[in-house]
Structure formats: structure tokens, C-alpha cells
Amino acid sequence: MTDIVPPTVRFAPSPTGFLHIGNARPALLNWLFRLRHGGRFVLRLDDTDGLRSTEEYAQAVVEDLTWLGILPDAFFRQSDRFALYDQSVQRLIDEGRLYPCYESAEELERRRKLQMARGLPPTYDRAALKLSGSERAALEAEGRQPHWRFLLDHRVVVWNDLSRGEIAIDCTSLSDPILRREDGTYLYTLPSVIDDIDMGITHVIRGEDHITNTAVQIQIFEALGGHVPTFAHHNLLTTASGDGLSKRLGHLSLRQLRDAGMEPMAVASLATLVGSAEAVRPVESMEELAQIVDIARMSHAPAKFDEKELAQLNTRLLHELPYEAVRERLIALDADGGEDFWLAVRGNIIRLADAHDWWDIVSRPLKPVIDDPLVPHAAAGQLPDGPWTKDVWSPFAWQVWTQALAADTGKKGRELFRPLRLALTGREHGPELANLLPLIGRDRARARLEGNEA
Ligand code: GLU
């Protein structure tokens, strides 16, 4: 029997802004992979950039993931782990894979322009590799600190991408990447690999903007003697007009969507089903979504995230949610009118918070709107006896009652129903009156039909 290791995946945002819908995609795809295959989901804050990372954003990441329904099995911050990175750096230096360079940014830029003018590819020429010990010492005596580059093997790196099939990147055309800056701080590339090894990451699921990094990182995995994980690069989300999403611009941040009343499962459904092989539809639970979304069957073209489509999905989702799924939140909204109330109003709301308005309408005093008292007065006189159960207002009973009212008043259709609705709810539109009447109750309904606040 083969020994299948349960997967360990990670989501590794840098806390330099609020998570937006584009970041939610890898977070969710990793989470769904973890739900589908078992294993572990690691949340890792890639916060080696001490200037742009903030505690506020770090906390917001955790909060926003919780809101989405992602509950990591483990949590790390790269800023706690520099000692580990320093050890690996020493190892790479000792093995000749990391070498010191002294060029300033201006020098590099000048060289790059020259190469371009000569029609050469603007890759780093490895000049620093040829420095002798005394030349290096002289540069350091000038006060220069080295930055460190990884010596790439000039070969083609090939991997079998879970999402895109075989990918081959020729590293001959790449510059040796800088892994550590003059001031000793780390760029993203190396700590990510060290952590992936240390945390036993088996699958790296991330956006296709990281494909070139992957070739470099596979070489670093190998240089450090680590197990190379399976990679899956998913397509990216763009705005409806096709622009890329940016964390710094606060594009469609998860908290904006939350504040706009979007349901987490509507966001999760759209963020993962758009640009997949599956139809975009509202899915009620993560477990169910995990069975539908298959990272191996995502489209390779960019996927458009449309806020209007999200709003529609949100409405469709709410209209189908069972009472149990929303009960706690209705209580928190002070709108828990029980199952009958929820079933009566869910088809008429576009955000869960709208349920509060309907609960107010059925359970708190309201000034009725009466343009012409003819129909409301007739209705008040013909109300069935209480107490009102659902049977009293069954569809059949409702039909009999309204037919009697029509006969009495000579009104029908809109001319009959509009004044009834305005008197009973104060609104032109809303849920079926037959469903609202048992919730409003006989006394209150009668008073409203008679034009009294009740
Ligand atoms: N911090 C990187 C990012 O947000 C992580 C990329 C990765 O998953 O390796 O793009």
C-alpha cells in the first residue's frame, strides 16, 4: 500500500495592506484543497519587509480570513524566524551558492542600459564573482556592504504544475537573484523556501505571477537539500474592466465587501468558481465548495471579478439559506423572528441586515400608509378570527379572503393589493402578505388597516 502523506498547504500574504478579493483566491484555493484532501493549512505572514508590514494589517489578515471561514491549523510570522534564515544563508555561502556583490543600484542601472544598447539581454553579468579577496576587502574598506546573490545553475528547470501541466523555464536567461540586501534584510524569495522546507509544505498553491520565482525557488530548494513541493499556479483575478488588483489601492478589499453586506460564502463561491471549469453559482458551505473546485481544472486565462455578479450571487445565496444557517446572526442583528419569519422574508432581502427592517415592520409599531381607506377598512372588517396560525393564512384561505374583499370593494389586482400592503407594512413592495400576516398578528393588523399606528 502506498503511504500517502496528507498535504500541508500555506497561505503567505505580506501584511502590507488589507486583503483584497485577488488575495482571497489563493487563500481559498489552499483552504479548499486542505478540506478536500485533509492535512494542514498554515497561515504565514511574509513580513520580512519591516517598513511596509504593519501590525494593523497583520491582525486584519487573521480577521478577514476568519470572516471568510478560513481557520488556519498553524500560524507563523517570518519576522520571528530570522535566526533560521541566517543559518541557511551561511550554508549557501559555504557551498558557494551565495556570493557577495557590491554594485550600487545606479551602477547596475548603467550596466543594464549599456547591455540593452548593445542588444544584449539585461541580466546580471556576474562581475562580482570575479572579485578577488583583496578587491572585496578594498570595497568594504570604502564602506560598502555586500548584497548577496544566488548563483543560478544555467539550466532548464522543469516541473509538473498541478494547475498548468509541465512548465519549463530556462534559467540561463535569468539574473542571479538577490536574496539578501546590504542592510541584512531579506527579500521574499529565500525565506519563503526555507519556511516551506521547515514547515513541511507539500503543495504551493499561488498565483501565476510567481511562475518565474518558482524556477529560482526550485533551485534553492535543491541547494538546501529540501523536498521540492508540488506547485499549482492559478490564474489571476482582474477587475471587471480587466485591470490588475492592488492591495495598496485597497481594491475590492474583503472588509469593503463585508461592510457592503456580502455573505462570505458568496465571496468564496465567486472568488473560486470564476475562471474555473465550473459554473459560477452560490454554494452554501466550504465543504461543498471543496468538492466542486478542482485546482487541476482551473482556466488559464485571467478571470474577471465583477461586483455586480457578486451582488447577484449574494442575493441568490440569501434566498436559499435555511434558518439554521443564519439564526445566530439574526439574533446578533436583533432580527430573530424565528423560522417562519426568516422563510417569509429571505426572498426579499439583498443583504442579511435587511432582515432587521422586516423584523421591525412585523414586530414594532408602524404608521400605516393609507391613501384611500376603502380597501383597508373593508379588510379590517373581514379579518379571520385569531389566533392566527399559518393555516389561517394558507394560500387557499388567502385567496378566499381576497376574493371576498374584491367582491366587497369592486377592486382587484394592484388596486386591491397595493392599499393592503401599504396599510399593513408601510411599503410598496415586500414578502407575500399571507406570510407576513401571521407574524404581524390580528390586533396589530386590524389597527393598521384602520389607519392607526400599531
Ligand atoms: N508573500 C508572497 C505573496 O504574497 C507569497 C507568495 C507565495 O505564495 O509564495 O505574493
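Numbering of ligands and ligand atoms starts at 1, following listing order.
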Atoms of ligand 1 less than 4.0 Å from [X] heavy atoms?
| X | answer |
| --- | --- |
| Arg10 | 7 (C), 8 (O), 9 (O) |
| His210 | 3 (C), 6 (C), 10 (O) |
| Arg206 | 7 (C), 8 (O), 9 (O) |
| Asp46 | 1 (N), 2 (C), 5 (C) |

Note to self: Is there a polar contact between ligand 1 and Tyr188, counting only N or O atoms under 3.5 Å apart?
What the structure shows: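 By distance alone, the answer is yes.
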
Notebook entry, point to check: Any N or O on Ala12 sitting closer than 3.5 Å to an N or O of ligand 1?
Noted result: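 Between Ala12 and ligand 1 (N or O atoms, distance only) the closest approach is under 3.5 Å.
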
Margin query: Heavy-atom count check: over 12 atoms from other residues, nucleotides or ligands less than 6.0 Å from Lys130 NZ?
Written below: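 Enclosed.
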
Check: Should we say atom CD of Glu288 is surrounded by more than 12 heavy atoms from elsewhere, each under 6.0 Å from it?
Finding: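 Enclosed: over 12 neighbouring heavy atoms sit under 6.0 Å from CD of Glu288.
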
Margin query: Tell me whether the NZ or CZ atom of Arg81 lies within the 45° cone about the ring axis of Phe76 and under 6.0 Å from its centre.
Written below: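 Yes, cation above the ring, under 6.0 Å and within 45°.
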
Note to self: Classify the ring geometry of His37 against Phe33: parallel below 30°, tilted from 30° to 60°, perpendicular beyond 60°.
What the structure shows: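 Tilted, since the angle between the ring planes falls between 30° and 60°.
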
Item checked: Identified salt bridge (Lys or Arg N to Asp or Glu O under 4.0 Å) partner of Arg44 from the options Asp73, Asp196, Asp80 ->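 By the salt bridge (Lys or Arg N to Asp or Glu O under 4.0 Å) criterion, Arg44 pairs with just one of Asp73, Asp196, Asp80: Asp196.
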
Margin query: Tell me if the centroids of the rings in Phe221 and His227 come within less than 6.0 Å of each other.
Written below: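 No, the ring centres sit 6.0 Å or more apart.
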
Check: What do we get for Phe11 next to ligand 1 when only non-hydrogen atoms under 4.0 Å count, side chain, backbone, both or neither?
Finding: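 Under 4.0 Å from ligand 1, Phe11 contributes no heavy atoms.
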
